[in-house]
Structure formats: C-alpha cells, structure tokens
Amino acid sequence: MKHSNNPQTRRGRGPARRIGRTLAFVLPVVLVLSGTLAVTRVNWSGYSTDPVLTAADTATSAGASRAAKRAPQDVLRDRLLTELQEENPGVALTHLQQAVNGRPSLAKHCKSIARALGEAAVRVYGPTRAQSYARPVCDTSFATGVAAAHS
C-alpha cells in the first residue's frame, strides 16, 4: 500500500488527530487524579469534624428537639441557606461538600440541596453574581438551580 503525500488527502487529519491523541492521553490521567483526590477527601472514619454537622449538637434543647424530628438533609439545607444569606454561596457550597464527605448518606440529597442553594443565590445576589459562585459540587446542580431560577 502506498501512502500519499498529497496535501489534499491529508489536510483534514493533522490538527484533529493531534488534538485527539492529546486528549486520549491527558483525559484518563486527569480523571484518575481527580478520582484519587476525591477519595482522599472522604472522612472514612465515620467521626465528623465538620462544623456544619456538629453545630446541631450545640443547639438549644427546644431547637434540638425540633431538629430531631426533621430529616438530616432538611436541617443541613436550612443551615446552608442561612449561611448563603449571611456569608456567600461559596461558603455554603464548601460546607455542603464537607457535609457530604463527612456523612456519605447525605450524598443522595446533595443535588437537591445544591439546586436549592442555586435558586436562593439568584434571589439574594442576582443571576450573574450567583453564577460566579458555581463550582462542580454535586454534578453542577448549583448552576442548574441558578439557571432554573433565572429563567
């Protein structure tokens, strides 16, 4: 088989092939490293040092009895919504990620909480500023909430 050096037959393959090869090498490396970093951030001991979760322990007895009747994800969502208003969405998202890392049972509620934070951020900060706080917590659900509240 004879390969052609004719520029017309090789024109469309050069840059695309280089980009494809680069992505084929770099993408798996990035995925492995990000997965490794995510696993190292999880608190596997079961003992939480997260201030978001331990704050319920210092609540008043009346507040604690009401919180005991509510689901943990509802308590967390309400606390994070308060933080969003008092601090900023970045702080609330950081505490959400820490809560999920410290208590993996909250992971199934992470998307709905992040979306609620995104919707609340639009009400408090407006769509442009709220979107500036978006980060990949819970599969970009915060950004989805911002977009839903803005439309």
Does some side-chain heavy atom of Q73 sit less than 4.5 Å from a side-chain heavy atom of I113?
-> yes
Heavy-atom side-chain contact between L96 and V100 under 4.5 Å = yes
Considering non-hydrogen atoms only, spot the tightest contact between E119 and G145 and give its length.
-> CG-O, 3.3 Å
Supply the atom-to-atom distance H109 NE2 to R103 CZ, rounded to the nearest 0.5 angstrom.
-> 9.5 Å
Side chain to side chain contact (heavy atoms under 4.5 Å, CB included) between Y125 and L84: does it pass, once the steps are laid out?
-> CA-CA 10 Å; Y125 296 99; L84 180 137; 4.3 Å; yes
Tightest non-hydrogen contact, residues G118 and V146, listed as O-CG2, 3.5 Å
Sorted by chain and number, sequence neighbours left out, side chain to side chain donor-acceptor pair (under 3.5 Å) with R123 holds for none
Validation row: L106, P72 side chains within 4.5 angstrom (heavy atoms) | yes
Partner set under side-chain contact (heavy atoms from CB on, under 4.5 Å) for V91, not counting sequence neighbours = E83, E87, N88, H95
Determine whether L81 and Q85 make a side-chain contact, defined as any pair of heavy atoms from C-beta on separated by less than 4.5 Å.
-> no
Between S141 and A114, which heavy-atom pair has the shortest distance, and what is it?
-> CB-CB, 3.7 Å
Backbone N/O of G90 and side chain of R135: donor-acceptor pair under 3.5 Å | yes
